[in-house]
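These notes are about the structure you will find just below.
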Amino acid sequence: MVKNLTIPGSNASKLAGPRYTRPLLAGVMATNNMKVTKLNEEYKPTSDRLGNIESLLGCRLPDSYRAFLIENDWCMVEPCGFAIGYLPETNNMKTNDQVEAFYGLHEPDDEPSNLIWNYRCFSTSERIPKQLIAIGSTCGNQLCIGISGEYRGKIYWWSQHFELEQESFENCTLLADSFDSFLSQLRE
C-alpha cells in the first residue's frame, strides 16, 4: 500500500530522540511529496528491538534516521532517484542512482532486507568502512549512513563496482550531510 508518511501519533516520537526530529523529518518528507510503501505492514518495530540493534552496532543511530526506521521499517520511497555526481571511475560522466529499498528492523535477522543482515554482510566483513553501515539498496550498491566520528549522520553511496580488497572510502561518495538532507534531494 502506497501512502503518505504520517508521523504524528506514531511511536516514532518515543523512540527517535529529541522532540525536534519528528516534525523536521515530517516536514522534509511533506515538502518532497514523499510516499512510503511499507514492505512488511504486519511488523511494528519496538524500542527494545531498536535498542538491541544499536547495542550490536555499538552506537546510537542518528536521530532522524531512527525516526524514519521506527515509522517505516523495511520500505520503498517515491521519489527515489538521486544524483551521485561526476565520478572519475565513469570518465567523469554524471552518475545517478535510485534507492530500491531501505532496510528494516524486522525479524528474522538472516534476510537481505534486514539491517543486521546487511551490517554482517558489509560492515563486519570490512567491505564497507567501519564508520558506516548500509541502510538501503541501490541495485547492488549500498546507501550508507555514518555512525561514528566525522562521518556520523552523513549519507554515502558505496559502489560495489569499485570495491577494493580492503576497507576504504575510495569507493564511497558523500551524498548529504544528514539523512533529512538526503531525503529532501530525492527526485523522480
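In this chain, numbering begins with 1 at the start of the sequence shown.
- Considering Phe179, Phe182, Phe102 as possible partners of Tyr65, the one that fulfils the ring pair (Phe, Tyr, Trp, His ring centres under 6.0 Å) test is Phe179.
- Side-chain contact between Glu100 and Cys139: present, with at least one pair of heavy atoms (C-beta onward) separated by less than 4.5 Å.
- Cluster annotation: Ile116 is not connected to Leu39 through the hydrophobic network of ILVMFWY side chains, with a link wherever side-chain heavy atoms come within less than 4.5 Å.
- Between the Ser181 side chain and the Asp177 main chain, no donor and acceptor come within less than 3.5 Å of each other.
- Annotation: side chain to side chain donor-acceptor pair (under 3.5 Å) contacts of Tyr103 (sequence neighbours excluded): Asn118, Gln142.
- Summarising the geometry of Gly104 relative to Leu69, their closest heavy-atom pair is CA-CD1, 4.1 Å, with the distance given to 0.1 Å.
- Residues His106 and Pro45 are not in side-chain contact: their nearest non-hydrogen atoms beyond the backbone lie 4.5 Å or more apart.
- Of the inter-residue distances, the one linking Ile145 atom CD1 with Leu175 atom CG reads 11.5 Å to the nearest 0.5 angstrom.
- Taking 4.5 Å as the limit, some side-chain heavy atom of Ile70 sits within range of a side-chain heavy atom of Leu105.
- Under the 3.5 Å distance criterion, with hydrogens and angles disregarded, no donor-acceptor pair is assigned to the side chains of Asn171 and Ser159.
- Scored by the salt bridge (Lys or Arg N to Asp or Glu O under 4.0 Å) test, Glu54 finds Arg66 as partners (sequence neighbours excluded).
- Side-chain contact between Phe122 and Cys144: absent, with no pair of heavy atoms (C-beta onward) separated by less than 4.5 Å.
- The distance from the CD atom of Glu71 to the NZ atom of Lys44 is 9.0 Å, given to the nearest 0.5 Å.
- Within the 3.5 Å criterion, the main-chain N or O of Arg127 finds a donor-acceptor partner in the side chain of Trp158.
- With a 4.5 Å cut-off on side-chain heavy atoms, Phe169 and Leu132 count as touching.
- Separation of atoms SG (Cys80) and CE (Met34) is listed at 9.0 Å; rounding is to 0.5 Å.
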The test is side chain to side chain contact (heavy atoms under 4.5 Å, CB included); show your working for Asn40 and Glu42 and say whether it passes. CA-CA 6 Å; Asn40 186 354; Glu42 294 89 43; 3.5 Å; yes
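- Lys154 is listed as a side-chain neighbour of Leu174, based on a closest heavy-atom distance under 4.5 Å.
- Proximity of a side-chain donor or acceptor of Asn114 to a complementary backbone N or O of Trp117 within less than 3.5 Å is detected.
- With Leu115 as the partner, the side chain to side chain contact (heavy atoms under 4.5 Å, CB included) test is satisfied by one option alone out of Leu50, Leu56, Ile53: Ile53.
- Leu143 and Trp74 end up in different hydrophobic clusters when Ile, Leu, Val, Met, Phe, Trp and Tyr side chains are linked at under 4.5 Å.
- The closest side-chain heavy-atom distance from Ile133 to Ile128 is not below 4.5 Å.
- Although no hydrogens or angles enter the test, the distance criterion places a donor-acceptor pair under 3.5 Å between the side chain of Asn141 and the main chain of Gln160.
- Rounded to the nearest 0.5 Å, atoms CG (Asn72) and OG1 (Thr37) are 10.0 Å apart.
- Linking ILVMFWY side-chain heavy atoms closer than 4.5 Å, directly or via other members, places Ile155 and Val36 in a single hydrophobic cluster.
- Remark: Leu183 CG to Gln185 CD distance equals 9.5 Å, nearest 0.5 Å.
- Pro62 has its side chain within reach of Arg152: a pair of non-hydrogen atoms, C-beta onward, lies under 4.5 Å apart.
- To the nearest 0.5 angstrom, Glu78 atom CD is 14.5 Å from Arg187 atom CZ.
- Using a 4.5 Å cut-off between side-chain heavy atoms of Ile, Leu, Val, Met, Phe, Trp and Tyr, with links allowed through other members, Tyr43 and Met76 fall into different hydrophobic clusters.
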